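Worksheet: one structure, shown below.
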Protein chains: 2
Amino acid sequence: MRQDGRLSRMLHVLIHMGRHEGAMTSEVIAQMLDANPVVIRRTMAGLRDEGYVSSVKGHGGGWTLARPLEELTLLDIYRAVGEPSIFAVGPAYDMPGCPIEQAVNGTLKEVFTEAEELLRKRFSGVTLADVARAFPRTGDQGGGQRCAP
Amino acid sequence: MRQDGRLSRMLHVLIHMGRHEGAMTSEVIAQMLDANPVVIRRTMAGLRDEGYVSSVKGHGGGWTLARPLEELTLLDIYRAVGEPSIFAVGPAYDMPGCPIEQAVNGTLKEVFTEAEELLRKRFSGVTLADVARAFPRTGDQGGGQRCAP
DNA sequence: CATCATGCTACTTATGATGTTGCGAAACTG
DNA sequence: CAGTTTCGCAACATCATAAGTAGCATGATG
């Protein structure tokens with residue numbers, strides 16, 4: 001199944017913003033992610049609604065962090081990008097009548113709920129500043145194809 | 001994001017087969033699940049390849065369990081239906097060059113790996129017989145819309 | 001041989017993330 | 001004020017995948 005890349009993208013962007021003076025335009029961000037400016041705006045809109053970033057129109061405008069990376073957790077961002085269902089497998093429909101199906105879905109739900117709670121706990125314990133510190137120790141300043149910090 | 005219902009469906013079917021005398025045809029199974037016979041065959045083929053069920057062509061043929069429910073775990077079935085990626089979120093692409101992206105993906109991967117290990121452990125500890133015993137205590141024999149056991 | 005059922009291939013449909021285009025609104029520049 | 005920049009938004013197009021559909025071949029039963 002195809003995966004939702006919005007969480008990963010937004011984390012990436014936000015950390016770049018944390019090390020960036022001034023606003024970043026959707027255009028610049030899109031080039032960094034090899035993505036589309038409109039898609040960036042679309043996703044960033046969710047973060048703005050939650051108060052994590054702010055946007056400014058017009059010349060010199062763009063996106064800026066509304067709070068430091070230390071005060072943003074993975075859980076915050078996960079929720080802001082729409083809190084997509086974490087799991088790619090699950091019941092196809094919701095418990096019509098068959099008791100066997102109810103038992104199956106109940107069992108699956110138990111297991112997935114436990115895993116989701118674990119994920120949320122981990123997500124809530126990691127700030128973007130933590131991630132930013134977790135750089136691989138390659139020494140270089142990020143001279144990759146794109147994305148020069 | 002749309003979820004993969006194959007695991008849930010197959011668990012449902014297998015437990016029915018465990019309480020059923022003789023073979024079940026794809027047609028009957030499809031009616032039970034309100035699904036399509038061809039889709040059933042498609043998914044059951046994976047289970048057959050793993051030796052969990054067997055199929056017989058022709059008159060009186062159909063699908064039968066190749067081993068008792070006690071010897072089938074959720075993990076077995078999960079793998080047999082193609083072992084789809086459990087998670088609906090994840091990195092959209094694989095670590096091109098930017099160290100920040102690598103840090104993000106590395107962190108996410110850690111968390112997801114831990115959750116996946118938990119899921120696999122739980123899956124491996126539950127047999128289909130366990131699920132079959134977990135019937136809701138409604139007392140009725142399953143007189144739902146479809147799926148009379 | 002007729003019927004039933006799986007096996008398989010190719011095609012269509014449905015859904016959701018993503019990409020694209022166009023136009024409007026706001027803010028800065030000269 | 002005119003022009004440029006940049007977000008905001010809506011209406012599409014694209015793409016991948018699960019699911020549905022149709023047709024024909026194969027094998028088993030009677």
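All figures in this text were calculated on a predicted structure; none of them were measured in a lab. By convention in this document, chain letters (A, B, ...) are assigned in the order of the sequence lines, proteins followed by strands, and residues within each chain are numbered from 1.
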Where the side chain of [X] is concerned, which of [options] is the nearest nucleotide?
| X | options | value |
| --- | --- | --- |
| A:D4 | C:dT18, C:dC4, C:dA5 | C:dT18 |
| B:S55 | D:dC7, C:dG19, C:dG7 | C:dG7 |
| B:R48 | D:dT5, D:dC7, C:dC8 | C:dC8 |
| B:K57 | C:dT21, C:dT6, D:dG20 | C:dT6 |
| B:N36 | C:dT20, D:dT21, D:dC7 | D:dT21 |
| B:V39 | D:dC7, C:dT20, D:dG20 | D:dG20 |

Distance check needed: [N] [atom2] versus [X] [atom1], whole Å only.
| X | N | atom1 | atom2 | answer |
| --- | --- | --- | --- | --- |
| A:D34 | C:dT18 | CG | P | 13 Å |
| B:R42 | D:dT17 | CZ | C1' | 11 Å |
| B:R6 | D:dA18 | CZ | P | 5 Å |
| A:M24 | D:dC7 | CE | C1' | 15 Å |
| A:H59 | C:dG30 | NE2 | P | 8 Å |

For the residue pair [X] and [Y], establish whether any side-chain heavy-atom pair is separated by less than 4.5 Å.
| X | Y | answer |
| --- | --- | --- |
| A:S8 | A:Q3 | no |
| B:F87 | A:I86 | yes |
| A:L14 | A:L47 | yes |

**Message:** Using a 4.0 Å heavy-atom cut-off, does A:V38 contact any base of the nucleic acid, only the sugar-phosphate backbone, or nothing at all?
**Reply:** base

**Request:** State whether B:E117 and B:K121 are salt-bridged, where the test is any N-O pair (Lys NZ or Arg NE/NH1/NH2 against Asp/Glu carboxylate O) under 4.0 Å.
**Result:** no

